[in-house]
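Atoms considered below: every heavy atom in the structure, side chains included; atoms not considered: hydrogens, waters and symmetry mates.
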Amino acid sequence: MGLQEIRTRIHKAEDAAGRAPGSVTLVAVSKKQPNDRVEAILEQGHRCFGENRVQEAAGKWPDFRECFQGIDLHLIGPLQTNKARQAFELFQAIHSVDRPKLAKTIARLAQEEGHCPDLFIQVNTGEEEQKAGILPAEADDFIKDCKGMDLPVKGLMCIPPVDEEASLHFALLAKIANRNGLEGLSMGMSGDFEKAIALGATHVRVGSAIFGERAY
């Protein structure tokens with residue numbers, strides 16, 4: 001579809017939901033995409049990108065940052081604790097805080113480094129065994145614990161099960177965020193971002209619809 005069409009659809013979805021123009025951040029998911037495709041999107045003026053792995057981001061984004069100002073890089077995939085320090089150097093936001101051990105590691109690094117990326121807590125809304133994330137029943141306590149460690153928790157993130165209606169999971173995530181005083185909602189991907197915006201998404205993660213199919 002390309003970047004401009006996705007932007008247009010986001011603006012229409014904002015308008016339909018009675019949301020202010022520009023209230024939704026488009027995270028262009030550049031994982032597994034060739035550098036020339038990423039560079040083409042940078043040249044169109046887009047600056048917010050999402051990567052799944054610290055290692056892939058480390059091999060790609062330092063060079064881009066030498067050529068393009070104002071890049072806002074978000075980690076949307078799982079983070080191993082032994083990669084957390086490197087993630088601090090690369091990312092402005094981490095969407096996958098999903099367990100107490102990782103939260104404690106990030107809190108320690110934040111004290112050592114004197115700064116911390118914006119954080120989103122990943123909630124396993126579908127309670128899927130193979131998927132990362134805090135279970136919905138445990139989310140309130142985990143959010144409270146993270147705030148107690150002075151972590152900059154901006155919101156919540158979810159990845160709905162592929163075989164279930166995504167809107168139910170977006171609504172659940174919004175409900176958990178609302179009762180915990182969190183405004184950020186990282187939810188919605190290429191196939192369902194308009195539904196997510198209707199239910200309050202502040203960040204939508206769109207990859208293949210912008211870049212084309214990934215080069216594995």
Side-chain angles (χ1 to χ4, degrees), residues 1-31 38 40-51 61 65 68-77 91-97 115-123 125 133-134 136 139-140 143-144 146-147 150-160 165-211:
M1 293 179 198
L3 177 64
Q4 197 51 52
E5 183 173 342
I6 296 299
R7 282 176 171 167
T8 299
R9 286 173 59 184
I10 287 172
H11 292 325
K12 285 181 178 177
E14 287 172 336
D15 187 53
R19 310 257 315 263
S23 58
V24 178
T25 298
L26 171 59
V27 183
V29 180
S30 48
K31 67 173 185 179
V38 179
I41 300 301
L42 282 161
E43 287 175 347
Q44 291 179 58
H46 193 72
R47 290 294 180 269
C48 184
F49 292 83
E51 289 284 342
W61 286 98
R65 281 198 160 112
F68 297 94
Q69 297 295 313
I71 289 171
D72 182 25
L73 197 58
H74 293 226
L75 180 64
I76 59 175
F91 295 99
Q92 284 64 60
I94 296 170
H95 290 230
S96 49
V97 181
H115 71 93
C116 186
D118 290 342
L119 302 177
F120 290 76
I121 290 170
Q122 183 171 352
V123 181
T125 55
I134 293 291
D140 292 356
I143 293 165
K144 183 180 177 182
C146 288
K147 288 180 175 180
D150 287 330
L151 291 175
V153 179
K154 302 300 182 184
L156 306 178
M157 182 271 260
C158 76
I159 305 171
E165 173 52 54
S167 294
L168 299 174
H169 296 270
F170 299 154
L172 173 59
L173 196 73
K175 185 177 179 181
I176 296 170
N178 185 57
R179 69 175 180 242
N180 284 283
L182 297 174
E183 294 184 358
L185 287 168
S186 172
M187 59 189 196
M189 297 186 282
S190 289
D192 55 24
F193 67 85
E194 282 134 327
K195 292 179 180 178
I197 291 169
L199 288 163
T202 58
H203 295 69
V204 294
R205 311 180 304 270
V206 181
S208 56
I210 294 173
F211 295 99

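Judged by distance alone, the side chain of E14 and the main-chain N or O of I197 form no donor-acceptor pair under 3.5 Å. Between the D192 side chain and the M189 main chain, a donor and an acceptor come within less than 3.5 Å of each other. No donor-acceptor pair under 3.5 Å is formed between the side chain of R205 and the backbone N or O of A28.
Rounded to the nearest 0.5 Å, atoms CD (Q122) and CE (M157) are 3.5 Å apart. In this structure, the separation between CG on L199 and CG on L168 is 9.5 Å, given to the nearest 0.5 Å. With values rounded to the nearest 0.5 angstrom, L172 atom CG is found 8.0 Å from C158 atom SG. To the nearest 0.5 Å, the span separating CD1 on I134 from CG on D140 amounts to 11.5 Å.
Closest approach of P117 to I94, counting heavy atoms only: CG-CD1, 4.0 Å. The heavy-atom pair separating L182 from K147 by the smallest distance is CD2-CE, 3.9 Å. For the pair A139 and I176, the tightest heavy-atom approach, listed with the atom from each and the gap, is CB-CG2, 3.9 Å. Residues A13 and E194 come closest through the heavy atom pair CB-CG, 3.9 Å. In terms of heavy atoms, S190 sits closest to V206 at OG-CG1, 3.4 Å. Heavy atoms only, all atoms of each residue included: V38 and S30 are closest at CG2-CB, 3.9 Å.
K12 NZ: 12 or fewer foreign heavy atoms inside a 6.0 Å radius. The number of heavy atoms from other shown groups lying within 6.0 Å of CD (E43) is above 12.
At a threshold of 4.5 Å between non-hydrogen side-chain atoms, the residues L185 and F170 do not count as touching. Contact of the L26 side chain with the C48 side chain is not registered, since no non-hydrogen atoms from C-beta on lie closer than 4.5 Å. Counting only heavy atoms from C-beta outward, the side chains of I210 and H46 never approach each other to under 4.5 Å. Taking 4.5 Å as the limit, some side-chain heavy atom of L73 sits within range of a side-chain heavy atom of R65. Inter-residue side-chain proximity for E183 and T202 is flagged as unmet; no heavy-atom pair is nearer than 4.5 Å. A heavy-atom distance below 4.5 Å is not found between the side chains of L119 and C146. With contacts defined as side-chain heavy-atom distances shorter than 4.5 Å, the pair F211/V29 does not qualify.
Residue pairs that meet the ring-ring contact (aromatic ring centres under 6.0 Å, His included) test with at least one member in residues 174-208, sequence neighbours left out, are H74-H203, H95-H203, F120-H203.
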From CA spacing to verdict: side-chain contact (heavy atoms from CB on, under 4.5 Å), I143, L156 | CA-CA 9 Å; I143 293 165; L156 306 178; 3.8 Å; yes
Can you list the steps and then say if I10 with I6 is a side-chain contact (heavy atoms from CB on, under 4.5 Å)?
-> CA-CA 6 Å; I10 287 172; I6 296 299; 4.0 Å; yes
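Take K154 and apply the salt bridge (Lys or Arg N to Asp or Glu O under 4.0 Å) test, not counting sequence neighbours, and it matches no residue.
For K195 and E165, the salt-bridge test passes: some basic side-chain N is under 4.0 Å from an acidic carboxylate O.
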